[in-house]
Amino acid sequence: MAKHTADSLGGAVLIRGTGLLGTSIGLGLSKAGAQVYLSDPSPSAQAVAVDIGAGAPLGEATTDPAVVVIAAPPDVCAAEIADALQRYPNAVVLDIASIKVALLEDLQKRVAAGELTAEQLSRYIGCHPMAGRERSGPVAARGELFTSMPWVICRRADVQEAAVNAALEIAHTLGASVSYMDTADHDASVALISHLPQIAASLVASRLQDTRPESLALAGNGLRDVTRIAASDPSLWVQILSGNAPRIVEILYGVREDLNRLINTMENPTGPGARLDIAQLMSEGNTGHARIPGKHGAPPQAFTKVTVIVDDTPGQIAALLADIGRIGINVEDLRMEHSAGHQVGMVEVAVVPGVRDTLIESLTEIGWKVVQ
Ligand SMILES: NC(=O)c1ccc[n+]([C@@H]2O[C@H](COP(=O)([O-])OP(=O)(O)OC[C@H]3O[C@@H](n4cnc5c(N)ncnc54)[C@H](O)[C@@H]3O)[C@@H](O)[C@H]2O)c1
Ligand SMILES: O=C(O)C(=O)C[C@]1(C(=O)O)C=C[C@@H](O)C=C1
């Protein structure tokens with residue numbers, strides 16, 4: 001794919017809200033050569049975003065932006081979008097909030113009340129990058145956050161083509177993989193794909209509140225995999241979950257049914273059909289898991305994983321990656337696990353199956369400890 005350089009954005013980009021997402025977008029766009037301006041009601045969030053290279057303070061802008069990105073918390077997005085549409089009459093305005101139905105309804109009410117015109121609303125396009133972190137604020141931002149990750153554009157019949165094109169240009173410049181979806185479909189999809197996992201992680205992690213340290217010391221990858229996002233910002237997630245409640249609650253009814261069935265089974269685990277019931281739950285999970293697509297929305301690809309033991313000291317992962325690069329093998333994915341109480345880490349490198357043996361042989365030859 002040709003590298004996007006942000007030339008075709010038609011002018012400067014203003015990012016309002018310089019937290020994790022806004023600053024990550026600023027870093028990615030600035031790196032691609034776009035002129036980015038930043039504003040945030042929190043002076044320190046704005047100053048940090050400027051300091052780490054996400055753009056210049058809005059105060060330095062001499063012309064109006066061509067595109068405004070609203071990267072504020074969901075609760076204030078509608079007001080921010082309406083304000084930007086009015087303040088910048090020629091700009092495309094897009095937001096990246098995690099929920100879209102309530103936001104669009106709010107904007108449509110403003111049109112009905114005469115506060116916004118239909119022309120103004122036609123310059124607004126809703127987007128949702130399906131990439132983030134369990135941390136907030138500009139310090140956690142990464143310019144590469146969106147690389148190869150899904151980016152939803154919520155097309156509507158009343159949206160100007162220029163707005164869709166600007167959203168597409170921004171997503172492509174950030175290296176994201178774009179898909180189109182209508183607003184209602186988007187919120188129904190993320191209820192299952194994003195919001196249920198957050199609830200599940202929080203529910204599991206909340207069980208740990210009073211756990212003895214001796215038990216917690218046994219924590220392995222299973223617990224870490226399932227609970228990573230339980231560290232997410234409560235104030236953001238209150239807005240997301242309450243804003244998409246009608247879609248989420250339908251899914252929770254189904255989860256409640258499954259849980260009730262499992263509880264009944266586990267109360268009498270040797271009773272007739274109990275083991276079959278448990279096996280069925282596990283195999284239904286297997287089926288769902290196998291349907292999660294790989295990178296670029298491609299069908300799940302069975303990458304082979306090679307695990308390498310590294311010293312838990314600075315520079316080890318960089319050295320390993322540099323060696324793999326010299327061997328001429330592309331790393332498809334990478335994860336690092338720390339071994340509790342030991343000064344070593346396990347780096348799991350995902351590669352296409354055809355190169356696995358070469359990788360193991362070459363790394364072993366150089367002196368890396370590969371777990372087989
Ligand atoms: N965190 C994620 O993983 C993720 C992923 C995709 C989309 N989103 C969406 O991105 C948006 C930002 O989330 P985040 O994780 O960057 O949050 P964050 O808390 O890191 O940053 C939010 C920033 O918005 C600022 N802000 C508050 N009120 C504002 C206003 N009225 N106008 C402009 N800025 C304002 C805050 O000062 C803060 O700096 C949210 O709408 C969220 O739903 C988040
Ligand atoms: O990876 C994470 O930490 C995320 O929580 C990212 C995630 C997701 O569910 O995929 C969370 C919420 C956003 O609206 C989009 C992305």
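Note that ligands are numbered from 1 as they come in the structure, with each ligand's atoms numbered from 1 the same way. All values below were derived from every heavy atom in this structure, side-chain atoms included, with hydrogens, water molecules and symmetry-related copies excluded.
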Notebook entry, point to check: Should you measure from each heavy atom of Ser98, which atoms of ligand 2 turn up under 4.0 Å away?
Noted result: 13 (C), 14 (O)
Check: For ligand 2, which atoms have a heavy atom of Trp237 less than 4.0 angstrom away?
Finding: 11 (C), 12 (C)
Ionic contact status for [Y] with [X], cut-off 4.0 Å:
| X | Y | result |
| --- | --- | --- |
| Asp311 | Lys369 | no |
| Arg123 | Glu119 | yes |
| Arg16 | Asp83 | yes |

Which one of [options] has a non-hydrogen atom at the shortest distance from [atom]?
| atom | options | result |
| --- | --- | --- |
| atom 32 (N) of ligand 1 | Met130, Gln46, Glu80 | Glu80 |
| atom 41 (O) of ligand 1 | Ala72, Ser98, Cys77 | Ala72 |
| atom 27 (C) of ligand 1 | Ser136, Pro73, Ser235 | Pro73 |
| atom 5 (O) of ligand 2 | Leu236, Leu21, Ile229 | Ile229 |

Is a side-chain donor-acceptor pair under 3.5 Å present for [Y] with [X]?
| X | Y | value |
| --- | --- | --- |
| Thr265 | Asp277 | yes |
| Gln198 | Ser232 | yes |
| Asn286 | Glu284 | no |
| Arg224 | Asn221 | no |

Next item on the list: Can you spot which of Leu121, Val164, Asp182 makes a side chain to side chain contact (heavy atoms under 4.5 Å, CB included) with Arg156?
Entry: Leu121
Among all protein heavy atoms, pick the one closest to [atom] and tell me residue, atom and distance.
| atom | answer |
| --- | --- |
| atom 2 (C) of ligand 1 | Leu21 CD2, 3.6 Å |
| atom 16 (C) of ligand 2 | Ala131 N, 3.7 Å |
| atom 6 (C) of ligand 2 | Gly132 N, 3.7 Å |
| atom 11 (C) of ligand 2 | Ser194 OG, 3.7 Å |
| atom 3 (O) of ligand 1 | Gly132 CA, 3.1 Å |
| atom 21 (O) of ligand 1 | Gly19 CA, 3.1 Å |
| atom 10 (O) of ligand 1 | Ile96 CD1, 3.4 Å |
| atom 13 (C) of ligand 2 | His128 NE2, 3.5 Å |
| atom 38 (C) of ligand 1 | Asp40 OD2, 3.5 Å |
| atom 33 (C) of ligand 1 | Pro41 CD, 3.6 Å |
| atom 1 (O) of ligand 2 | Arg228 NH2, 3.0 Å |
| atom 10 (O) of ligand 2 | Met130 CE, 4.1 Å |

Check: Does some non-hydrogen atom of His195 fall short of 4.0 Å from ligand 2?
Finding: no
Note to self: With a cutoff of 4.0 Å, is Gln198 in contact with ligand 2, counting heavy atoms of the residue only?
What the structure shows: no
Taking 4.0 angstrom as the limit and counting only heavy atoms of [X], give me the atoms of ligand 1 inside it, by number and element.
| X | result |
| --- | --- |
| Ser42 | 37 (O) |
| Leu236 | 1 (N), 15 (O), 40 (C), 42 (C), 43 (O) |
| Pro74 | 40 (C), 41 (O), 43 (O) |
| Ala45 | 39 (O) |
| Pro129 | 6 (C) |

Check: Of all residues at least two apart in sequence or in a different chain, which pass the ring-ring contact (aromatic ring centres under 6.0 Å, His included) check with Trp368?
Finding: none
Note to self: Holding to ring-ring contact (aromatic ring centres under 6.0 Å, His included), I want the full list of residues that pass it with Tyr124, two or more places apart in sequence or in another chain.
What the structure shows: none
Notebook entry, point to check: Is Ala131 in contact with ligand 1, taking contact as a heavy-atom separation below 4.0 Å?
Noted result: yes
Relative to ligand 1, is [X] under 4.0 angstrom through side chain, backbone, both or neither, heavy atoms considered?
| X | value |
| --- | --- |
| Ile70 | neither |
| Val76 | side chain |
| Gln239 | neither |
| Ala71 | backbone |

Working to the nearest 0.5 angstrom, can you tell me the gap between [X] [atom1] and [Y] [atom2]?
| X | Y | atom1 | atom2 | value |
| --- | --- | --- | --- | --- |
| Arg110 | Gln120 | CZ | CD | 12.0 Å |
| Ile99 | Asp187 | CD1 | CG | 6.5 Å |
| Ser283 | Gln280 | OG | CD | 6.5 Å |
| Gln46 | Leu58 | CD | CG | 7.5 Å |
| Asp233 | Leu20 | CG | CG | 10.0 Å |
| Asp95 | Glu80 | CG | CD | 11.0 Å |

Before signing off on this row, confirm whether [X] and ligand 1 have an N or O atom pair separated by under 3.5 Å.
| X | answer |
| --- | --- |
| Leu20 | yes |
| Ser39 | no |
| Gly137 | yes |

Notebook entry, point to check: How far apart are the C-alpha atoms of His172 and Trp151, what are their side-chain angles, what is the distance that settles it, and do they pass the ring pair (Phe, Tyr, Trp, His ring centres under 6.0 Å) test?
Noted result: CA-CA 9 Å; His172 280 163; Trp151 181 295; 9.8 Å; no
Item checked: Crowding at CZ, Arg275 (>12 non-hydrogen neighbours, <6.0 Å) -> no
Next item on the list: Would you indicate whether Glu161, at its atom CD, is surrounded by more than 12 heavy atoms from other residues, nucleotides or ligands within a distance under 6.0 Å?
Entry: yes
